[in-house]
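In what follows, chains are A, B, ... by sequence order, proteins preceding strands, each numbered from 1.
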Amino acid sequence: MNNLNTLHLEDLPQDETLLQQITQKQVLYFQEHLLEWFEREGRHDLPWKPQAQFSEKINLYRIWISEIMLQQTQVVTVLPYFERFMAAFPTPEDLAKASEEEVLKLWQGLGYYSRARNLHAASKQLVLEFNGIIPPDFEAIRRLKGIGDTTANAILAQGFNLPFAILDGNVRRVLTRITGMMAPRKELDKRLKPFSETFLCRQNPADYTQAIMDFGATLCKLKPLCERCFLQQYCSAFIHEKVAEIPAKPIKKKNPTESVALILYWTETNQILLEKRPTKGIWGNLYSLPELLLQGKDQKSTSSAIIHEKTLNDFPHKKQLANIRHQFTHYTLEASLFKIPVSDEYLKALISSQNLKNYRMVTVNDALLLPKPQPIAELLNQIATNSLAQTLW
DNA sequence: GAAACGTGGGC
DNA sequence: TGCCCAAGTTT
């Protein structure tokens with residue numbers, strides 16, 4: 001077990017050579033220490049894992065839901081969503097017969113809403129094609145919407161205890177540091193794959209998989225706790241003091257800003273106008289306030305945009321209630337919220353005359369029940385509780 | 001195949 | 001405050 005520490009960050013030998021250098025003894029060292037660490041310091045109370053003390057059996061549906069929620073999302077964030085989701089949809093059949101709106105409502109705030117839409121569609125796939133039972137079949141699982149290679153492997157390893165090696169963000173971080181591998185993401189994954197399979201503990205794929213992910217998430221994280229690590233002497237990144245540089249960060253692109261006006265039509269019966277956003281694009285299929293693009297890319301003049309522009313220009317009594325900044329991964333959204341007092345009749349006429357499909361006239365209280373983007377939900381909550389209205393009405 | 005797709009937390 | 005990051009998949 002003395003060859004892992006001969007790996008170099010630069011002039012990396014061919015990966016085939018690296019693989020040959022890794023002896024069975026080293027693999028066992030890694031697996032044993034990792035599993036021992038997991039036993040001691042791993043997360044054993046995750047609600048999608050069976051609790052042994054209660055003699056719980058593995059529930060593949062719970063594993064599946066958790067894997068989808070955990071995509072690009074940390075465990076602490078997922079926990080409350082998972083509990084609410086499972087309470088509402090305990091089985092694939094429950095999920096399949098729910099409306100997409102119900103599913104999106106429970107997903108509200110969790111982000112990446114295509115996950116919820118795909119999950120809902122996949123539950124119907126599962127019920128129709130597989131009688132609601134996830135089969136131990138990579139190709140079949142992989143065909144379900146929202147399940148890619150990583151999630152398929154995770155389900156097979158975690159749910160069926162089968163020797164499928166995952167290569168997710170955690171495993172990638174761990175293995176790049178151990179090997180000192182530096183490469184662009186796609187090439188990196190290609191070269192890391194054989195390592196992930198070599199290290200996989202085939203006697204216990206489920207625990208091993210959870211162990212290496214816990215290890216990556218809690219110890220070998222972005223700012224790793226190397227002082228507590230059992231792999232120091234075998235970790236190329238640690239030995240070469242390059243822990244902070246590995247994995248290599250991709251070059252960042254600049255972050256554009258989009259400015260919009262949000263329109264709060266408001267009638268004497270406390271009704272407002274909401275738009276169900278198109279499936280494609282940001283916040284797909286969620287309900288949001290009518291918005292007018294002020295500045296940003298792909299300026300388009302839809303009929304509704306023209307109407308809202310006219311509205312903003314024509315109403316002298318509009319009030320600017322709030323300004324919002326919302327940071328997405330790839331751009332910043334600036335929004336100004338305008339209140340436009342109108343009559344019920346005006347709103348109804350507006351909807352029908354302009355044929356505003358996907359628009360709904362609802363009371364503020366009903367609006368709270370619809371799935372919405374998080375910043376819009378926060379605005380409407382403030383409005384409903386009058387905290388915004390009191391100061392600015 | 002690069003870009004799109006959310007949000008809350010760390011610093 | 002502003003920027004970076006986290007259990008990826010889809011188009």
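- Remark: A:Tyr81 is not in phosphate contact with B:dT7, judged by side-chain N or O atoms under 4.0 Å from OP1 or OP2.
- When heavy atoms are screened at a 4.0 angstrom cut-off, A:Gly216 is found touching no nucleic acid atom at all.
- Relative orientation of the A:Phe230 and A:Trp37 rings is tilted, given thresholds of 30° and 60° on the angle between their planes.
- The distance from atom CG of A:Leu119 to atom P of B:dC5 is 20 Å, rounded to the nearest whole Å.
- Nucleotides of DNA chain C nearest to A:Thr329 and A:Arg325 differ in position, and the one nearer the 5' end is that of A:Arg325.
- The side chain of A:Lys249 contributes no N or O atom lying less than 4.0 Å from OP1 or OP2 of C:dC4.
- With C:dG8, B:dT7, B:dC5 as the choices, the nucleotide that has an atom nearest any side-chain atom of A:Gln71 turns out to be C:dG8.
- Taking 4.0 angstrom as the limit, A:Trp283 places a side-chain polar atom (N or O) nearer than this to OP1 or OP2 of B:dT7.
- Using a 4.0 Å cut-off, no side-chain N or O of A:Lys145 falls inside it from OP1 or OP2 of C:dT10.
- A:Glu102 and A:Ser99 share a donor-acceptor pair across their side chains, judged by distance under 3.5 Å alone.
- Using a 4.0 Å heavy-atom criterion, one finds that A:Asn255 contacts no nucleic acid atom at all.
- Residue A:Leu79 contributes atom CG, which lies 16 Å from atom C1' of B:dT7 at whole-angstrom precision.
- Contact between the side-chain N/O atoms of A:Gln72 and the OP1/OP2 oxygens of C:dG8 is found at a separation under 4.0 Å.
- Here the side chain of A:Lys372 pairs a donor or acceptor atom with the backbone of A:Leu370 at under 3.5 angstrom.
- The side chain of A:Arg173 places an N or O atom within less than 4.0 Å of a non-bridging phosphate oxygen (OP1 or OP2) of C:dA6.
- Of the candidates C:dT10, B:dT7, B:dA3, B:dA3 carries the atom nearest the A:Lys253 side chain, counting heavy atoms from C-beta on.
- Within 4.0 Å of A:Trp48, counting heavy atoms only, lies at least one base atom of the nucleic acid.
- A salt bridge links A:Glu291 to A:Arg277: at least one charged side-chain nitrogen sits closer than 4.0 Å to a carboxylate oxygen.
- For A:Lys193 and A:Asp189, the salt-bridge test fails: no basic side-chain N is under 4.0 Å from an acidic carboxylate O.
- Residue A:Phe30 forms a ring pair (Phe, Tyr, Trp, His ring centres under 6.0 Å) with just one option from A:Tyr234, A:Phe199, A:Phe215, and that option is A:Phe199.
- Here the P atom of nucleotide C:dT9 and the CZ atom of A:Arg117 are 16 Å apart, to the nearest Å.
- A:Thr150 contributes no side-chain N or O that forms a donor-acceptor pair with the base of C:dT9 under 3.5 Å.
- Atoms CD1 (A:Ile376) and P (B:dT7) sit 10 Å apart, rounded to a whole Å.
- One finds no side-chain N or O of A:Lys252 lying less than 4.0 angstrom from the OP1 or OP2 phosphate oxygen of B:dA3.
- Within the 4.0 angstrom heavy-atom criterion, no nucleotide atom of any strand lies near A:Ile212.
- Within 4.0 Å of A:Gln210, counting heavy atoms only, lies at least one base atom of the nucleic acid.
- A donor-acceptor contact under 3.5 Å links the side chain of A:Thr73 to the base of B:dG6.
- Note on A:His330: a side-chain N or O is less than 4.0 Å away from OP1 or OP2 of B:dC5.
- Of the side-chain N and O atoms in A:Thr151, one or more sit less than 4.0 angstrom from OP1 or OP2 of C:dT9.
- If you measure from atom CD of A:Gln108 to atom C1' of B:dG8, you get 15 Å, rounded to the nearest angstrom.
- Across C:dG2 and B:dG6, the matching P atoms stand 23 Å from one another, rounded to whole Å.
- With both ends at atom C1', the span from B:dG1 to B:dC5 equals 16 Å, rounded to whole Å.
- Looking at heavy-atom distances under 4.0 Å, A:Lys221 makes no contact with the nucleic acid at all.
- Between B:dT7 and A:His326, a contact under 4.0 Å exists linking OP1 or OP2 to a side-chain N or O.
- Sequence order on DNA chain B of the closest nucleotides to A:Lys223 and A:Tyr112 puts A:Tyr112 first from the 5' end.
- With A:Thr332 as the fixed residue, the side-chain hydrogen bond (donor to acceptor under 3.5 Å, both in side chains) test singles out one of A:His326, A:Gln327, A:Glu258: A:Gln327.
- Nearest-nucleotide positions on DNA chain C for A:Gly146 and A:Gln74 put A:Gln74 closer to the 5' end.
- Residue A:Ile68 is out of contact with every strand shown, counting any heavy-atom pair closer than 4.0 Å.
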